[in-house]
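In what follows, a single structure is set out as structure tokens and then discussed.
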Protein chains: 2
Amino acid sequence: MRSLLALQQKLLPDLLEVMNKRYRVLRQLRLTQPIGRRSLANSLDITERVLRSEVTFLKDQGLLDMSIQGMQLTEEGEQLLMELEPVMNEVSGLDNLEERLKDKLGIPEVLIVPGDSDVTPWVKKEMGRAAVGRLKRFQLESKVVAVTGGTTLASVADMMVPSLDMDGTLFVPARGGLGEQVENQANTICAKMARKAHTDYRLLHVPDQLSEEAYQSLIEEPGVKEILEIIKSASIVVHGIGDAKTMAVRRKSTGQVLEKIKENHAVAEAFGYYFNQSGDVVHKVKTIGLQLEDLERSELVIAVAGGHSKAKAIEAYLKTGIQSILVTDEGAAKALLEGNSL
Amino acid sequence: MRSLLALQQKLLPDLLEVMNKRYRVLRQLRLTQPIGRRSLANSLDITERVLRSEVTFLKDQGLLDMSIQGMQLTEEGEQLLMELEPVMNEVSGLDNLEERLKDKLGIPEVLIVPGDSDVTPWVKKEMGRAAVGRLKRFQLESKVVAVTGGTTLASVADMMVPSLDMDGTLFVPARGGLGEQVENQANTICAKMARKAHTDYRLLHVPDQLSEEAYQSLIEEPGVKEILEIIKSASIVVHGIGDAKTMAVRRKSTGQVLEKIKENHAVAEAFGYYFNQSGDVVHKVKTIGLQLEDLERSELVIAVAGGHSKAKAIEAYLKTGIQSILVTDEGAAKALLEGNSL
DNA sequence: TATTCTCGAGACGTATTATGTCCCGGTTAG
DNA sequence: CTAACCGGGACATAATACGTCTCGAGAATA
């Protein structure tokens with residue numbers, strides 16, 4: 001017996017097209033609501049008139065509300081969208097991609113969201129939503145969650161929502177100062193995430209540049225030492241993966257470091273570690289906090305990174321053999337699979 | 001979690017309508033093929049041009065063939081239609097109706113086909129097809145199937161198809177002469193059914209009017225006695241349900257009988273028994289064969305009857321408490337549920 | 001407070017599609 | 001032989017989809 005969708009393909013070949021169109025409208029709306037017709041049409045790359053037809057239809061169906069501030073999903077719209085997600089993933093073949101990528105990378109789980117965050121920036125938010133969704137399916141009560149910095153993790157924080165079974169969950173930054181801008185620092189993201197989740201957080205204040213003596217005395221400081229222990233005990237880690245060169249530049253690393261990275265052909269970066277194509281560590285930012293080997297003791301590691309330009313970095317990092325869940329986007333996933341098949 | 005169809009109802013109600021239209025075309029075509037555009041359009045009560053659009057589409061999809069004799073379903077069309085049946089039942093809410101009716105009548109299973117056989121005659125054929133389909137899901141090898149007469153059972157015979165697991169199945173008429181026209185007599189229907197099923201049948205020749213002595217000597221006749229025993233051993237019974245008065249008139253019953261039926265407020269009739277609104281037997285045609293109490297020993301009893309005008313009769317008959325499967329149509333089902341809710 | 005921006009809604013001409021209505025030549029049954 | 005029915009072609013018209021522009025209202029900003 002064929003599936004319902006297969007039957008419908010025969011009887012209504014354009015069904016999927018329409019369904020996909022409406023689904024995309026709802027999904028984009030969820031990300032940017034409240035939003036007006038023109039901007040939304042622009043985001044979806046369709047003309048205003050077409051969007052208008054869809055939107056009036058969806059409004060009649062009670063899936064969204066129109067007001068002077070713009071359009072917003074109704075309760076029912078949110079609900080429908082949620083239920084629609086797995087269906088559309090299957091339709092667009094994303095679950096297929098997920099399977100293949102899982103096999104290629106040798107990791108236990110891959111989640112792929114549609115789009116390419118290099119092309120359309122809001123895809124990062126979708127990755128964020130997916131990561132949060134995955135996180136919440138885990139038993140989080142009284143657990144410590146360590147998070148890193150980066151723009152992708154900022155998206156994860158953006159999409160964080162409170163949940164009943166996050167009672168006592170504590171968010172901490174994975175590692176100390178890594179030279180990022182404030183909004184992308186682990187501390188900032190950690191705080192934001194905890195606030196949005198309606199739960200607690202602890203911060204780790206470590207200056208970027210530090211002499212050896214100052215460093216030694218700092219880690220003996222009782223306040224710091226206590227947090228460090230909590231961080232080391234983290235059972236859940238959520239982190240991003242960056243392109244080595246980009247990250248080094250963004251962190252305003254010294255010429256020496258840049259040189260080292262270039263010489264050793266580093267391609268990937270994750271929480272202060274730089275990796276070459278084979279997954280070997282070629283450089284490490286000197287700071288306190290979670291170390292690479294600590295990951296092995298974690299119960300759940302989620303790596304979030306997308307955009308086709310990150311494909312190489314993702315692949316290199318996962319060659320370390322870390323059993324991590326990968327949350328990525330269609331662009332990166334396809335690039336990864338293509339690159340591998342060459 | 002709602003089903004995919006429920007989601008689609010919200011997201012693409014218009015497409016489901018189209019799907020329904022195309023489904024109806026295919027279904028009607030199956031019943032009357034080969035048939036031309038104009039007649040088919042007439043049957044479906046849509047204009048020729050609309051049908052034409054659908055038909056050309058369906059032809060392009062390879063679901064039907066057009067020839068000079070008319071249109072016919074292809075193999076693929078037949079297959080699709082079959083797989084589509086449960087889906088469309090869900091869409092049109094028929095499976096919901098089935099559940100409700102099952103509860104109201106207190107019987108184990110109800111099958112409803114779309115339409116109303118009082119309004120559109122070919123719905124009887126659909127009921128026939130449904131009954132045959134249900135019958136074939138039962139283990140029929142070497143079993144005896146007793147059938148009654150009536151126009152509805154004639155439709156069942158029409159739709160009978162051979163099947164691999166009907167080896168050794170024997171068709172017999174449930175009861176002797178009941179005064180029907182030849183084409184609606186149990187004997188005729190029994191023979192037709194067996195022939196279409198590519199299996200055996202035995203007939204029971206009993207004249208309509210018979211003196212008591214002749215009757216007694218007849219049932220002692222070896223040939224008759226043998227068949228009678230087979231009939232009594234029938235494990236499967238398929239029968240119709242009629243309106244009491246209509247049946248009495250059609251059978252040209254005597255004024256005496258008509259009077260009795262009227263006086264006792266008989267509303268339903270089934271294989272020669274007349275029932276009042278409470279399900280009590282108020283009259284019984286004197287003939288040999290299966291008796292009402294024999295039904296209790298049957299493994300499978302299927303009652304087939306449709307059309308809103310038969311609602312009262314169906315309800316009355318099923319009040320006897322017989323554990324029967326009911327095959328009916330939308331018209332009767334709705335009338336039954338409405339009547340009950342008043 | 002003044003100004004600018006974005007919002008939904010209306011309007012309207014045009015391109016596209018759906019539909020109603022005929023007609024035609026061929027095939028078949030009576 | 002003819003009447004009925006078949007698919008297919010044709011065409012005017014109605015309905016719909018779409019691109020484009022405009023307007024007044026509220027929100028944000030300065």
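Lettering follows sequence order; numbering is per chain, from 1. Just so you know, these numbers use all the heavy atoms, side chains as well, and skip hydrogens, waters and symmetry mates. Keep in mind that this is a model prediction, so the values were computed, not measured.
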Do you see a donor-acceptor pair shorter than 3.5 Å between the side chains of B:Thr74 and B:Glu76?
no
Given A:Glu126, which of A:Thr120, A:Ile112, A:Leu31 fulfils the side-chain contact (heavy atoms from CB on, under 4.5 Å) condition?
A:Leu31
Does the pair B:Glu180/B:Arg251 count as a salt bridge with the N-to-O cut at 4.0 Å?
yes
What residues from residues 9-31 of chain B pass a heavy-atom cutoff of under 4.0 Å to DNA chain C?
none
Contact class for B:Ile35 vs. all strands (heavy atom < 4.0 Å): base, sugar-phosphate, or nothing?
sugar-phosphate
Select one nucleotide: of D:dG8, D:dC6, D:dT20, the one nearest the side-chain heavy atoms of B:Ile68.
D:dC6
Both A:Gln69 and B:Ser67 contact DNA chain D. Which one's nearest nucleotide lies toward the 5' end?
B:Ser67
Between B:Glu54 and B:Lys21, does any side-chain N to carboxylate O distance fall below 4.0 Å?
yes
Under a 4.0 Å heavy-atom cutoff, the residues of residues 58-66 of chain B touching DNA chain D are B:Lys59, B:Met66
Carboxylate-amine/guanidinium contact B:Asp243 B:Lys310, below 4.0 Å
no
Just how far, in rounded Å, is P of D:dT16 from CZ of A:Arg52?
17 Å
Is any NZ, NE, NH1 or NH2 atom of the basic residue among B:Asp158 and B:Lys124 found under 4.0 Å from an Asp or Glu carboxylate oxygen of the other?
no
Using only atom types and a distance under 3.5 Å, with no angle test, would you say the side chain of A:Thr152 pairs donor to acceptor with the backbone of A:Ala305?
no
For B:Arg38, which residues count as a salt bridge (charged side-chain N to carboxylate O under 4.0 Å, His left out) partner, sequence neighbours excluded?
B:Glu48
Are the side chain of B:Arg24 and the backbone of B:Leu44 linked by a donor-acceptor contact shorter than 3.5 Å?
yes
Distance under 4.0 Å to a non-hydrogen atom of chain B counts as contact; along DNA chain C, which nucleotides mark the start and end?
C:dT19 to C:dT27
Quick one, which residues of residues 36-44 of chain B touch DNA chain D with a heavy atom under 4.0 Å?
B:Gly36, B:Arg37, B:Arg38, B:Ser39
Could I get the full list of salt bridge (charged side-chain N to carboxylate O under 4.0 Å, His left out) partners for B:Lys136, not counting sequence neighbours?
none
Charged N-O contact under 4.0 Å between A:Glu85 and A:Arg27:
no
Starting at CD of B:Glu48 and ending at P of D:dA10, how long is that distance when rounded to a whole Å?
16 Å
Strictly below 4.0 Å, N to O, side chains only: are B:Lys125 and B:Asp329 in salt-bridge contact?
no
Under a 3.5 Å threshold, yes or no: a donor from one side chain and an acceptor from the other, between B:Thr151 and B:Asn184?
no
